[in-house]
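Numbers restart at 1 for each chain; the letters A, B, ... are given by sequence-line order, proteins then strands.
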Amino acid sequence: MAFWLAKTEPAECGIDDFARDPATAIAWVGVRNYQARNYLRAMAVGDEVLVYHSSCKLIGVAGIVRVTRAAYPDPSQFDPASPYVDPKSPPDAPRWSAVDMAFVARLPQLLTLDALRAMPALAQMPLLQRGNRLSVMPVTAEEFAAIRS
DNA sequence: GCCAACGTTGGC
DNA sequence: GCCAACGTTGGC
């Protein structure tokens, strides 16, 4: 099993949305960066994903979700009404992928960006590197354990 | 293939 | 709202 971290704006889709109905998976759509997309495609069912809230008041890791469906074409790229529409994506070779994820757990309390920076075990995380903008990234088992504990 | 312009991300 | 950082675009 592999571990990942995915950024999201909680106003759009945060840990609360997953926790509301743990039995129902939510499609993780809207990733429009090739490196992040490649990580989405590398996810397997059962992988655990840290949900990171960004562009909000309480920034940090809020909880954990699990991949319930591996990568498939992100429907929003073909939806003219979606902010994520990509007219240049070829229908016969969709450019962007989505995965489905379902609730696993909240962290006992949100781990703030400051708290993450204070953890030596996380010093190498891309998330914490200067100027980082990657929205989906791998997390080592050690990093995952440090955050979960 | 280079690179300047532009748009987006994301913390502050 | 600001702005640094970075990815993408498009002219050449």
Side-chain angles (χ1 to χ4, degrees), chain A residues 2-20 25-43 47-67 69-149:
Chain A
F3 301 103
W4 309 90
L5 180 144
K7 296 180 187 173
T8 185
E9 300 188 14
E12 187 183 355
C13 178
I15 197 68
D16 287 347
D17 297 285
F18 286 97
R20 195 166 297 129
I26 295 177
W28 197 276
V29 302
V31 169
R32 294 294 179 268
N33 166 281
Y34 285 104
Q35 194 179 356
R37 179 207 67 182
N38 292 342
Y39 286 135
L40 279 186
R41 290 182 177 178
M43 290 181 180
D47 284 0
E48 294 195 341
V49 182
L50 298 165
V51 174
Y52 177 87
H53 288 176
S54 70
S55 298
C56 60
K57 187 146 191 179
L58 270 178
I59 296 165
V61 175
I64 301 165
V65 295
R66 176 181 286 112
V67 177
R69 181 184 174 190
Y72 59 94
D74 179 344
S76 68
Q77 69 195 305
F78 300 122
D79 178 0
S82 169
Y84 302 125
V85 66
D86 181 358
K88 294 187 200 165
S89 181
D92 56 343
R95 191 176 282 184
W96 306 114
S97 298
V99 300
D100 289 354
M101 306 198 206
F103 183 73
V104 172
R106 292 179 191 273
L107 294 193
Q109 58 185 22
L110 182 135
L111 258 182
T112 66
L113 187 51
D114 280 348
L116 296 170
R117 290 194 193 283
M119 297 170 70
L122 306 184
Q124 302 306 313
M125 285 189 76
L127 177 74
L128 304 180
Q129 306 312 310
R130 174 185 180 79
N132 165 70
R133 291 171 50 179
L134 192 58
S135 62
V136 179
M137 68 192 75
V139 172
T140 68
E142 293 75 18
E143 290 163 347
F144 188 87
I147 289 174
R148 176 143 212 192
S149 65

message = When you compare the side chain of A:Val65 with that of A:Ile15, does any pair of heavy atoms fall below 4.5 Å?
response =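 Side-chain contact under 4.5 Å: yes.
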query = Within a strict 4.5 Å, meaning less than it, do heavy atoms of the A:Tyr39 and A:Val31 side chains meet?
reply = no
ask   = Can you list, by residue number, the residues of residues 50-60 of chain A that have a non-hydrogen atom closer than 4.0 angstrom to DNA chain B?
value =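 By residue number: A:Tyr52, A:Ser54, A:Ser55, A:Ile59.
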query = Taking the six-membered ring for Trp, are A:Trp28 and A:Phe18 parallel (under 30°), tilted (30 to 60°) or perpendicular (over 60°)?
reply = parallel
query = When the ring planes of A:Tyr34 and A:Trp96 are compared, do they come out parallel, tilted or perpendicular, using 30° and 60° as the limits?
reply = tilted
What is the distance from [atom1] of [X] to [atom2] of [N], rounded to the nearest Å?
X	N	atom1	atom2	result
A:Glu12	B:dG10	CD	P	12 Å
A:Asn132	B:dC12	CG	P	13 Å
A:Leu128	B:dG11	CG	C1'	13 Å
A:Asp114	B:dG10	CG	P	17 Å

message = Checking A:Ser76 against A:Asp74: is there a side-chain donor and acceptor pair closer than 3.5 Å?
response =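 Per modelled atom types, A:Asp74 and A:Ser76 side chains form a pair under 3.5 Å.
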Carboxylate-amine/guanidinium proximity below 4.0 Å for A:Asp86 and A:Arg32 =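 The answer is no: the pair does not qualify as a salt bridge.
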query = Between A:Arg20 and A:Asp17, is there a salt bridge with N-O shorter than 4.0 Å?
reply = yes
Could you go through nucleotides 5-8 of chain B and list every protein N or O atom that sits under 3.5 Å from one of its N or O atoms, giving the distance for each pair?
residue, atom, partner, partner atom, Å
B:dG7, N2, A:Arg133, NH1, 3.3
B:dT8, O2, A:Arg133, NH1, 3.3
B:dT8, O2, A:Arg133, NH2, 3.0

request  = Between A:Lys88 and A:Gln35, name the one whose nearest nucleotide on DNA chain C is closer to the 5' end.
outcome  = A:Gln35
query = Do the side-chain N or O atoms of A:Lys7 get closer than 4.0 angstrom to the phosphate oxygens (OP1, OP2) of B:dT9?
reply =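 Indeed not, no polar side-chain atom of A:Lys7 lies that close.
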query = Under 3.5 Å, side chain of A:Gln77 to main-chain N/O of A:Arg95, donor-acceptor pair present?
reply =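 Yes, the answer is positive, given that a donor and an acceptor are paired below the 3.5 Å cut-off.
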